[in-house]
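Data block below; observations after.
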Amino acid sequence: MNAAGFQPPGVPRPRPGLFAGGLLLLALTGSVLAAPGGPAPAGAPASFSELFDQGTRSYLAAGYKQAAELFRQAAALQPASGVFHNLGNAEYMAGRVGPAILAWERAHWLAPYFDNTRANLRFARKKAQLDEPGLAWYEICSTWLPPNAWPWIAGVSLWLAVGMVMLPGIFHWPKSDWHQGLAAAGFAVFLLTLPALGGVISRSELGVVLEKETRLRLTPTQDAQTLTRLPAGEIGRVERRRGHYYYVRLASDAAGWVDAARFSLICRE
Amino acid sequence: MALGLALLVLPASGLPPVQAAPTNRSATAPVPTRQAFPRPGPFNGFILQTNPASRPTNILPRPAATLNPPIPSPGARPPPPVPTRPGQARPTIQFLPATPGAAPVRVTPRVPAAQPGPGMDPLLNLMLQQPSIDIESPASALAEFDPPVIPAGGRSTYRIVITALNEVITVPPALPAPSALQVTPGGRGQAFAMLGNKLQPRTTINYRVTTTVPGNYTIPPFAVTVSGKQIQLPSARLQVVPRGAMPTPPTPKLIVKLPGGDIYVGQSIPIHVMITDPTGSAVRGLTRVEVTSEGWMTDTTFYRQRRDSVTVDGRSVPVLAQEMFITPLKAGEVPLLVQAQAILGLPTSGQTVQLPGYFPLVDADPVVVTVKRVPPEGELPGFTGAIGTFSLDQPRLATNQVRAGEPVTLTLAFKGQGNLARLIPPRLGDLWDWQTFEPTSDALPAQILQQRGYAAFHYTLIPLSDRITATPPVPFSYFDPAKRAYVDLTVPPVPIRVLPAPDGPGSLPPPGATAVAATGDAQDDPETRNLVMNGLSETPGIIVATLLPLQQRPWFVALQCLPAAAFGGLWLWDRRRRFLAEHPEIVRKRRARRSLRRHHRRLRQAASARDPGGFVRAAVNAMRVACAPHDAANPDALVCGDVLRTIPAAGRDGRHADVVRRLFGAADSIRFGGRALEGESLLELRPDVEQVLAELRARL
């Protein structure tokens, strides 16, 4: 039966069982692909947890450099917000402000609602007299949730809205208000996530100066004129890349080339 | 003029006396004197000790009140004042007699031709008035054995003295010495003697000579190169007597005495450099004591000289000993070579070098010292390289009550045996409740610190919270060479009362947040006010595969294609379904073609099996399903006439019509009679049936 309740003779009716199976297969595929971190390597979790525990013990025993190394290895195995938070603590206690702020920024990137990481970032910046990174409004919106939540929300809401528009007509479901309500809500959520999606992409170009006295150069060459020297932990936005140099713009709107070895993007290891 | 004279340079305008040697000390600084004892004989000059390698001269620290006291001369008139312009200080050289009662002699140097202007820098003025170094006069060379007579197996010094700068002298690598003599290089040094108004450079080169074969040995004259010119050294003669044959007169000998125990890199070691004085009056002094071998750093800021006695070859010998500090710079077997210039009152027997104001250069036998490194095992927190034995006085706080945010000074005083002057203060790390600064030490000269006996460090601390009840502990440790272990000397916390800050709550933000805390808005913000670093996360938290955002990963983009493809397929399928609903003949013809293929297959099977009944039923059914779509009828309801009407007009009256009629007739016979009347002859109609079916299929 179509939407008007008329079923032409000889027209085969859709088989709900087959379609439901297809949807289930799609959902299963999506759920597998959506699993955090994808399939973990065999044996990695044990080693990861061991590294995490050993790093914690070393930190508590004031072995900050060793703790930082252990947390760094754990983060290389499986990036995790708690590991980056602890790595930042160990780096800071070892006197390395730049890597500490980078680690905390990564922890904040993964878990923006973790108050301890936010407090540590604020503490380190105040201590080192660094400016907070200047974020646009859509970038601030993107910090309300983990960056990976926004694409999922956008994808689910979009396809839910599309489905609610298409499926009743295709399957001759009786017309219902909740179909249209769900479709409208899905589209609304999708539209609301667009700025956050843009903010996540924009924030992915932020990076941290790792070493103190890092030179901001006029050109991407080793002998270039030094515009200024950047403190460790300074946040910059990468606008271009050329060889081993990033063209970064700072919160003070100063821009120049920075050696890639002394500057690390937050969301790229 | 058997007098010891002290050399002073006195500004004639009444300023305190300053030292004559080139120095960068200010005229008002308390500068000790250096005593020079010229050799007896006709006096035609005096010795002026210099410091060519920027090495600070060995200075005896004395209180400022006793420095350069004007020596009274009873019965003698004071020298008339030197006329000077107002504001200008002209140096005066004053010779102080060693014998009490003798009058001091003041000499005003000749003013150089380039008279400085009144506005010239006083330091430059003083430099211009310094005597020049005589490098134009022809160099003279002398050579001697000291002592000239030694027993077999004893040691003598072959000494070369050349009146030229050290840098311009080139000596042959091998001396033309007899083969029985074992000659090894010894010390080498340079001094200046003032002759007239010029400084004469004198370079001394020592060789250690020994042999076990008695006899008379002569080093013949040979040439050395001075500023590219050859000058001839005179011959020198050494007499070696059998051991015990005749007593050789004892001569001054330089001895180095090291402390017992292990020696570590960086440790400040007190050593005693002693010169024997066999007669008790031959040695007047010891100057320019220096370590010439590599791997040692000499502490020139502090030394002491005293007369003592040591046991040499079983008998007590008076010595003039100088205590000084050296620091090994590398580990391993490090040779220690020490040399000095001896100020002698009387010439030693056989000494041939009779230059006016000549002080012989003496060097000690080389000593190989085993230097170790401090072990890395067991190193305690707060180790800043202190090696020795130290103790800590009670830490002192400037006040025991302070407001949060106000500075307070903590003073630590370390005593002990070690190089207190070079002690590095322990540092305080980053503290959450305290703002700390780099510790400072007393700005006193090293010799004053060494004399005082302790090193004090001042820590400026700012409490950031009124919850503080004591100062932070200051980790400090040192390495004790005697115990061969690190010793913890951590400074304990000192009780202190911290009052709340006057304008805010008791807790202040750390140093970096001071500016924020100063504003009212920031103080109202509890997060800013309690700005501290939080502890560790107990769990790994959110685990991801990569930090890259999902929308920048290819698999996520590909995943979005799946629902898009699904919905697109559904849409296309719905469109097709609706099209077929509007055109049902398409569906009927598709079904007819499918049924026709099925009945055609059965027809061929029946023909192959020689089954007339099956052949007839299959052929009739095939014709019915092929004709049914044209009439939108049920195939089972069609009869022979319906099929004949569907056949093209050209074939309705021909053979094809007959075939159709025969097949439908046979089918009726089978249906109602139970068998086909024509039997197997019907199977011969197969080619015609195929043609009819082909025509019907073409119309579908």
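The chains referred to below are lettered A, B, ... by the order of the sequence lines, with proteins before strands, and numbering in each begins at 1. Keep in mind that the numbers below use all heavy atoms, side chains included, and drop hydrogens, waters and symmetry copies.
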Legend entry - Exercise: do A:Ser142 and A:Arg203 side chains pair donor with acceptor under 3.5 Å: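 Yes, a side-chain donor-acceptor pair sits under 3.5 Å.
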
Inset, instruction - Could you pull out all residues at least two apart from B:Tyr478 that satisfy ring-ring contact (aromatic ring centres under 6.0 Å, His included)? - result: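 For B:Tyr478 the ring-ring contact (aromatic ring centres under 6.0 Å, His included) partners, ignoring immediate neighbours, are B:Phe390.
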
Of the backbone (N, CA, C, O) and the side chain (C-beta and beyond), which part of [X] lies under 4.5 Å from a heavy atom of chain B, both, or neither?
X	result
A:Leu158	neither
A:Leu130	neither
A:Trp159	both
A:Ser204	side chain

Inset, instruction - State whether the number of non-hydrogen atoms from other residues, nucleotides or ligands found under 6.0 Å of B:Arg427 atom CZ is greater than 12. - result: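 For B:Arg427, atom CZ is not crowded (no more than 12 foreign heavy atoms under 6.0 Å).
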
Inset, instruction - Look at B:Glu538, B:Gln560, B:Arg575 and state which one has the largest set of heavy-atom pairs under 4.5 Å with chain A. - result: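 Of the candidates given, the most pairs with chain A belong to B:Gln560.
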
Inset, instruction - Could I get the full list of side chain to side chain contact (heavy atoms under 4.5 Å, CB included) partners for B:Thr440, not counting sequence neighbours? - result: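 Expected list: B:His458.
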
Inset, instruction - Before accepting this row, confirm whether a basic side-chain N of the pair A:Glu105/A:Arg125 lies closer than 4.0 Å to the acidic partner's carboxylate O. - result: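 The answer is yes: the pair qualifies as a salt bridge.
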
Legend entry - salt_bridge(A:Glu205, A:Arg241) N-O dist < 4.0 Å: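 Yes, A:Glu205 and A:Arg241 are salt-bridged.
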
Inset, instruction - Name the region of B:Asn534, side chain, backbone, both or neither, that has any atom closer than 4.5 Å to a heavy atom of chain A. - result: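 When you check distances to chain A, atoms from both the backbone and side chain of B:Asn534 fall under 4.5 Å.
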
Legend entry - Interchain contact, B:Gln552 with chain A, by part (heavy-atom threshold 4.5 Å):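 When you check distances to chain A, only side chain atoms of B:Gln552 fall under 4.5 Å.
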
Inset, instruction - Considering only heavy atoms and a distance below 4.5 Å, find which of A:Asn148, A:Val162, A:Thr56 pairs most often with chain B. - result: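 Heavy-atom pair counts peak at A:Asn148.
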
